[in-house]
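Here the structure is laid out as structure tokens; the discussion comes afterwards.
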Amino acid sequence: MTAALFAWLGWTFVAPARLAAWARDHFVPAEYGLVPREQLDPRRAGPPMPAYRHKEKQAIADASWEGDWRPAAAYVEAAGQDWDERWSRLEFLQQVADDGDAWLDDWRRAQPESCAAATLHAQMLLHHAWRIRGTEYADKVPAERMRLFRELLPDSMRAARAATLLAPHDPSPWVVMVTAARGLRYQPQHFRPLWQELVARAPHHYAGHWQALQYWCAKWYGSNKLMLEFAEQAVRHAPAGSPLAGIYLHALDELAERSGTSALRTSRRTKRLLEDVARSLHQVPGDDERLPRLRHLLAYYLGKAGRYDGALEQFRLIGPWCGAEPWAEKGDPVSAFDLARGIAAKKAKGR
């Protein structure tokens with residue numbers, strides 16, 4: 001644990017070398033309700049998926065690849081109108097289809113009235129286009145790849161619009177359209193109607209909000225101000241049990257990635273928002289797969305904001321898992337994670 005890690009963490013301290021030495025030589029995690037250093041696990045962000053869920057997903061994937069689409073269809077429909085869960089299941093099926101999608105064609109032929117099958121088809125078109133483009137900034141994408149990307153995206157938008165006719169109450173096709181709108185360079189006056197249609201059906205749709213956050217960030221069609229305003233609204237409107245408030249943490253991540261950690265605001269307003277996020281995430285069921293990664297970000301930003309008691313509480317909830325951003329960014333997640341929780345433990349008032 002070195003001064004370089006302090007600089008990377010973006011936290012400001014008096015005598016960081018001495019604090020680093022304390023964290024290395026005198027910090028005893030168990031004294032603060034934390035797991036021992038030797039138990040830290042950088043392989044994942046949180047606990048592994050329960051065996052029964054892994055077995056269920058594997059059975060669906062195997063059946064699909066063997067040509068039976070019916071388990072996949074039943075899997076989506078079992079989510080009912082839990083729109084976040086439904087979208088999560090569609091995303092899983094997209095991954096299955098990446099390794100062979102003949103079963104999806106069979107499903108669409110057998111059930112042309114299925115919104116789930118139509119939405120998954122639109123997702124696949126979108127995913128294929130985005131895979132060609134890549135994740136680089138636009139000025140780094142070769143012209144030919146960008147041309148193909150923009151030629152393919154309208155097919156995804158048309159397919160998603162067709163899916164909306166099959167189940168007008170389902171927000172899933174609108175998530176596809178909100179995502180495609182970025183690549184299609186929709187201006188705000190054309191993007192907002194898509195967003196309004198989505199939230200009219202699912203006001204707190206997590207994936208929908210994440211995609212809209214991307215639209216409003218400065219690297220696409222918004223600005224730091226518009227992105228943060230959007231994220232703050234998510235915090236204010238997040239219902240009990242939803243991870244929606246975590247969207248604010250993604251906004252801070254976008255800001256740090258674009259402008260550096262020095263651009264992150266540590267105002268009273270930011271500190272209050274982070275505390276609101278912590279209270280909101282505390283109500284999210286512990287088995288929510290989105291929760292561990294959000295806790296890692298929350299612990300980091302609470303520490304950066306000087307809310308060490310809150311950061312320490314998040315580290316206790318995280319447990320041994322440290323295979324997540326931001327710790328993984330420097331290649332040694334165990335050291336970065338252990339340093340951050342050592343700092344939180346030393347500076348927390350309540351302990």
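Closest of all the heavy-atom pairs between H296 and A324 is CD2-CB, 3.5 Å. Of all heavy-atom pairs spanning F27 and A345, the tightest one is CE1-CB, 3.7 Å. Across all non-hydrogen atoms, the minimal contact from A181 to L194 is CB-CD1, 3.9 Å. Residues G222 and L226 share a closest heavy-atom pair of CA-CD1, 4.0 Å. The shortest non-hydrogen separation linking A348 to L312 is CB-CD2, 3.9 Å. For the pair P47 and P292, the tightest heavy-atom approach, listed with the atom from each and the gap, is CD-CG, 4.5 Å.
Note on L317: it does not cluster hydrophobically with L302, by side-chain heavy-atom contacts below 4.5 Å among ILVMFWY residues. Residues L274 and V235 fall within the same hydrophobic cluster, defined by Ile, Leu, Val, Met, Phe, Trp and Tyr side chains chained together at heavy-atom separations under 4.5 Å. Linking ILVMFWY side-chain heavy atoms closer than 4.5 Å, directly or via other members, places L184 and V175 in a single hydrophobic cluster. By the criterion of side-chain heavy atoms lying less than 4.5 angstrom apart, applied directly or through intervening Ile, Leu, Val, Met, Phe, Trp or Tyr residues, L281 is grouped together with W210 in one hydrophobic cluster. With hydrophobic clusters built from ILVMFWY side chains whose heavy atoms lie under 4.5 angstrom apart, V178 does not share a cluster with L125.
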>> One pair to check against side chain to side chain contact (heavy atoms under 4.5 Å, CB included): I318 and F337. What are the steps and the verdict?
In response: CA-CA 11 Å; I318 289 168; F337 180 81; 3.9 Å; yes
>> Pair R182, W130 - check side chain to side chain contact (heavy atoms under 4.5 Å, CB included), show working.
In response: CA-CA 11 Å; R182 288 206 317 276; W130 225 282; 3.6 Å; yes
> Would R145 and R133 count as a side chain to side chain contact (heavy atoms under 4.5 Å, CB included) if you check the C-alpha gap in whole Å, the side-chain angles of each, and the deciding distance to 0.1 Å?
Replying inline: CA-CA 6 Å; R145 278 170 43 196; R133 182 198 184 281; 5.8 Å; no
>> Show, in sequence, the C-alpha distance, side-chain angles and deciding distance for V141 and F149, and conclude whether the side chain to side chain contact (heavy atoms under 4.5 Å, CB included) test is met.
In response: CA-CA 10 Å; V141 179; F149 171 65; over 6 Å; no
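Ring pair F191/Y221: centre-to-centre distance not below 6.0 Å.
Put simply, the side chain of P42 reaches to within 4.5 Å of the side chain of C322, judged on heavy atoms. Using a 4.5 Å heavy-atom cutoff, the side chains of L104 and W107 are in contact. Put simply, the side chain of Y206 reaches to within 4.5 Å of the side chain of I247, judged on heavy atoms. Side-chain contact check for I343 versus K346: every heavy-atom pair is 4.5 Å or farther apart. You'll find the side chain of Y215 reaches within 4.5 Å of the side chain of P188, heavy atoms only. For the pair L297/R293, no side-chain contact is recorded, criterion being any heavy-atom separation below 4.5 Å from C-beta on.
For residues 72-81, the side chain to side chain donor-acceptor pair (under 3.5 Å) pairs, not counting sequence neighbours, are E77-R86.
Counting heavy atoms of neighbouring residues, nucleotides and ligands inside a 6.0 Å radius, atom NZ of K219 exceeds 12 of them. Counting heavy-atom neighbours within 6.0 Å of H237 NE2, excluding the residue itself, gives a total above 12. Taking a 6.0 Å sphere around CZ of R70, one finds it holds 12 or fewer heavy atoms contributed by other residues, nucleotides or ligands. By the neighbour-count criterion of 12 heavy atoms within 6.0 Å, atom CZ of R109 is densely surrounded, having more than that number from other residues, nucleotides or ligands.
Note: W174 CH2 to Q211 CD = 16.0 Å, rounded to the nearest 0.5 Å. Between atom CE of residue M177 and atom OG1 of residue T179 there is a gap of 10.5 Å, rounded to the nearest 0.5 Å. Residue M124 holds its CE atom at 12.0 Å from CG of L90, rounded to the nearest 0.5 Å. Residue T270 holds its OG1 atom at 7.0 Å from CG of L252, rounded to the nearest 0.5 Å. Here the CG-CZ distance, from D338 to R37, works out to 4.0 Å after rounding to the nearest 0.5 Å. Annotation: the span from H121 atom NE2 to D105 atom CG amounts to 8.0 Å, rounded to 0.5 Å.
Of the possible donor and acceptor atoms, none in the side chain of S64 sits under 3.5 Å from a partner among the backbone N and O of W69. In terms of modelled atom types and a separation under 3.5 Å, the side chain of D41 and the main chain of P320 share no donor-acceptor contact. With hydrogens and angles disregarded, a donor-acceptor distance shorter than 3.5 Å links the side chain of T119 to the backbone of C115. In this structure, W65 contributes its side chain and V96 its backbone to a donor-acceptor pair below 3.5 Å. With hydrogens and angles ignored, the 3.5 Å screen pairs no side-chain donor or acceptor of H127 with any backbone N or O of Q123.
If you check the side chains of E254 and Q214, you find a donor sitting under 3.5 Å from an acceptor.
Between H205 and W87, the two ring planes are perpendicular [angle over 60°; tilted spans 30° to 60°]. Between Y186 and H190, the ring planes lie perpendicular to each other; the angle is over 60°, past the 30° to 60° tilted range.
A salt bridge is absent between R272 and E275; no separation between the charged side-chain nitrogens and carboxylate oxygens falls under 4.0 Å. Between R147 and E144 there is a salt bridge, since at least one side-chain N of the basic residue sits less than 4.0 Å from a carboxylate O of the acidic one.
Checking each of W195, W216, W83 against H209 for a ring-ring contact (aromatic ring centres under 6.0 Å, His included) leaves exactly one that passes, namely W195.
Seen from the ring of Y32, R341 does not count as a face-on cation partner, given the 6.0 Å and 45° thresholds.
Among residues two or more places apart in sequence or in another chain, the salt bridge (charged side-chain N to carboxylate O under 4.0 Å, His left out) test is passed with R201 by E197.
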